[in-house]
Amino acid sequence: MDALLNGSKLLGHWPSILGGLIIGLIIKYFTFLRTKKLRSSKKLPVDGKEQIQGLSNKSSTEYKKNYWKPALAEKPFVPFVPGNDLNPNGARHFYELVRGRRSIRTFNALKKPPISTIENCIRAAGTAPSGAHTEPWTFCVVEDPSIKSAVREIVEHEEYINYTKRMHAQWVADLRPLQTNAVKKYITDAPYLIIILKQTHGTTDDGRKKQHYYNEISTSIATGILLCALQAAGLCSLVTTPLNCGTALRRLLNRPDNEKLLILLAVGYAVKNCEVPDLVRKPLDDIMIKY
Ligand SMILES: Cc1cc2nc3c(=O)[nH]c(=O)nc-3n(C[C@H](O)[C@H](O)[C@H](O)COP(=O)(O)O)c2cc1C
């Protein structure tokens, strides 16, 4: 036996091979238990339950196809309608447009853009791609002064605690060049607040829970488009992420608890002599790597 073990390099590693086999079998056993539990769980459509009991592993693909119904309707594809032909100047013009966007913190309280402009910007945001086309976003547009005051009260209360207790000293120091603090006058001055909520899940037309995959990424992409649309409309904005204000703002706006605060966006026009931090953006070579 010794001679055999010494003679074969592979057999010389038998303890590792045996260990690997045992781990593999354990994993397979737990996967089997999990699948069994899932199949008998209440999540399974009732009419599918009895049938699955008689299904072998081979037909589980058939089972999945028949009983896990997609949230979207399964319809035939339609022809793709291309947008504009490739236009090199389009990108240049777009860059010229968006490079002028700055976060402003002093809004003109007396100048209000029409709601139709805000609506068109949100329409543009709603064209964003989303995980499995779940469109997991809600844009709450607030112009009522009493609601804006209530928002400000919530945010200032929390931000005072954030600045004095929750945020690390380094974080507070990093914000110093931006001259931000717990006083948020822009919340009541800006003619519109757009409170952007990500929906963690939704409901299908037939009342089932609908998973919202990548809801934060999808809503952030939509927000990026919204910022560009606002800029194209000649409006100014400020993206804010007030820490610990989510639940209070959601309750104030009477939104369901599958909707979570992502961004509080102030929108309007800048005051006449508005100033912004003197920031420099990274050059192309620092943000793009060609392969
Ligand atoms: C995710 C995110 C969170 C932000 N949160 C805040 C905030 O809470 N308060 C604030 O005054 N600005 C906030 N800002 C604005 C940034 O400070 C600002 O975008 C940055 O300083 C760059 O300036 P610019 O927008 O003028 O290019 C936030 C921006 C982003 C993208």
Side-chain angles (χ1 to χ4, degrees), residues 94-109 121 125 128 136-140 142 148 151-198 214-250 252 259-284 286-287:
F94 186 75
Y95 168 58
E96 293 301 334
L97 174 77
V98 295
R99 70 188 291 215
R101 185 208 55 78
R102 292 301 313 271
S103 293
I104 64 136
R105 296 176 178 84
T106 43
F107 285 86
N108 185 340
C121 292
W137 42 65
T138 304
F139 298 91
C140 301
V142 179
K148 284 196 289 177
V151 171
R152 181 171 170 183
E153 212 170 293
I154 291 167
V155 173
E156 287 189 336
H157 171 76
E158 291 297 331
E159 287 283 67
Y160 178 76
I161 307 172
N162 294 338
Y163 274 84
T164 54
K165 293 192 182 126
R166 294 192 189 115
M167 282 151 65
H168 187 273
Q170 181 63 59
W171 190 349
V172 177
D174 287 341
L175 289 177
R176 229 161 37 220
L178 306 179
Q179 298 181 20
T180 60
N181 55 38
V183 180
K184 306 292 178 188
K185 192 165 178 292
Y186 57 79
I187 294 181
T188 40
D189 281 351
Y192 295 102
L193 300 176
I194 306 181
I195 297 177
I196 304 168
L197 308 170
K198 57 173 187 179
Y214 303 108
N215 55 75
E216 181 158 331
I217 298 178
S218 305
T219 309
S220 302
I221 292 173
T223 303
I225 295 175
L226 175 61
L227 293 179
C228 295
L230 291 167
Q231 178 72 5
L235 297 176
C236 296
S237 62
L238 173 64
V239 169
T240 70
T241 43
L243 195 64
N244 233 40
C245 297
T247 308
L249 290 180
R250 181 172 59 71
L252 174 73
E259 296 187 357
K260 313 280 184 213
L261 175 69
L262 187 70
I263 283 166
L264 190 163
L265 191 69
V267 177
Y269 296 103
V271 290
K272 200 156 177 234
N273 296 313
C274 177
E275 291 186 342
V276 289
D278 185 7
L279 303 178
V280 177
R281 293 190 173 119
K282 288 179 181 174
L284 184 65
D286 281 7
I287 61 171

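The shown structure was predicted, so the numbers you read here are calculated from the model rather than taken from an experiment. As the structure lists them, so they are numbered: ligands from 1, and atoms in each ligand from 1. Side chains included, hydrogens not; waters and symmetry mates left out as well; all remaining heavy atoms used.
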- Query: So, for L262 and S220, which heavy atoms are closest and what is the spacing to 0.1 Å?
  - Reply: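 Minimum heavy-atom contact is CD2-OG, 3.7 Å.
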List, one per line, each side-chain donor-acceptor pair under 3.5 Å for residues 174-181, sequence neighbours excluded.
| from | atom 1 | to | atom 2 | distance (Å) |
| --- | --- | --- | --- | --- |
| D174 | OD1 | Q170 | NE2 | 2.9 |
| T180 | OG1 | Y163 | OH | 2.8 |
| N181 | OD1 | V183 | N | 2.9 |

- Taking atom CD of E156 as the centre, does the number of heavy atoms from other residues, nucleotides or ligands within less than 6.0 Å exceed 12?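 Result for CD/E156: enclosed.
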N/O pairs closer than 3.5 Å, ligand 1 and protein:
| from | atom 1 | to | atom 2 | distance (Å) |
| --- | --- | --- | --- | --- |
| ligand 1 | 5 (N) | T241 | OG1 | 3.1 |
| ligand 1 | 8 (O) | T241 | N | 3.2 |
| ligand 1 | 11 (O) | R105 | NE | 2.8 |
| ligand 1 | 11 (O) | R105 | NH2 | 3.3 |
| ligand 1 | 12 (N) | R105 | NH2 | 3.1 |
| ligand 1 | 12 (N) | V239 | O | 3.4 |
| ligand 1 | 14 (N) | V239 | O | 3.0 |
| ligand 1 | 17 (O) | R105 | NH2 | 3.2 |
| ligand 1 | 19 (O) | S103 | OG | 3.3 |
| ligand 1 | 25 (O) | R101 | NH1 | 2.9 |
| ligand 1 | 25 (O) | R101 | NH2 | 3.2 |
| ligand 1 | 25 (O) | S103 | N | 3.4 |
| ligand 1 | 25 (O) | S103 | OG | 2.5 |
| ligand 1 | 26 (O) | R102 | NE | 2.6 |
| ligand 1 | 26 (O) | R102 | NH2 | 3.3 |
| ligand 1 | 26 (O) | S103 | N | 2.8 |
| ligand 1 | 27 (O) | R101 | NH2 | 3.1 |
| ligand 1 | 27 (O) | R281 | NH2 | 3.2 |

- Message: Once side-chain hydrogen bond (donor to acceptor under 3.5 Å, both in side chains) is applied, do any residues pair with Q231, and if so which ones, sequence neighbours excluded?
- Response: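 For Q231 there are no side-chain hydrogen bond (donor to acceptor under 3.5 Å, both in side chains) partners, ignoring immediate neighbours.
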- What residues form a side-chain hydrogen bond (donor to acceptor under 3.5 Å, both in side chains) with T240, not counting sequence neighbours?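 Testing T240 for side-chain hydrogen bond (donor to acceptor under 3.5 Å, both in side chains), a comparison that skips the adjacent residues, returns none.
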- Query: Using 4.0 Å as the upper bound for N to carboxylate O, is an ion pair formed by E158 and R166?
  - Reply: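 Looking at E158 together with R166, the answer is yes, because their closest N to O distance falls below 4.0 Å.
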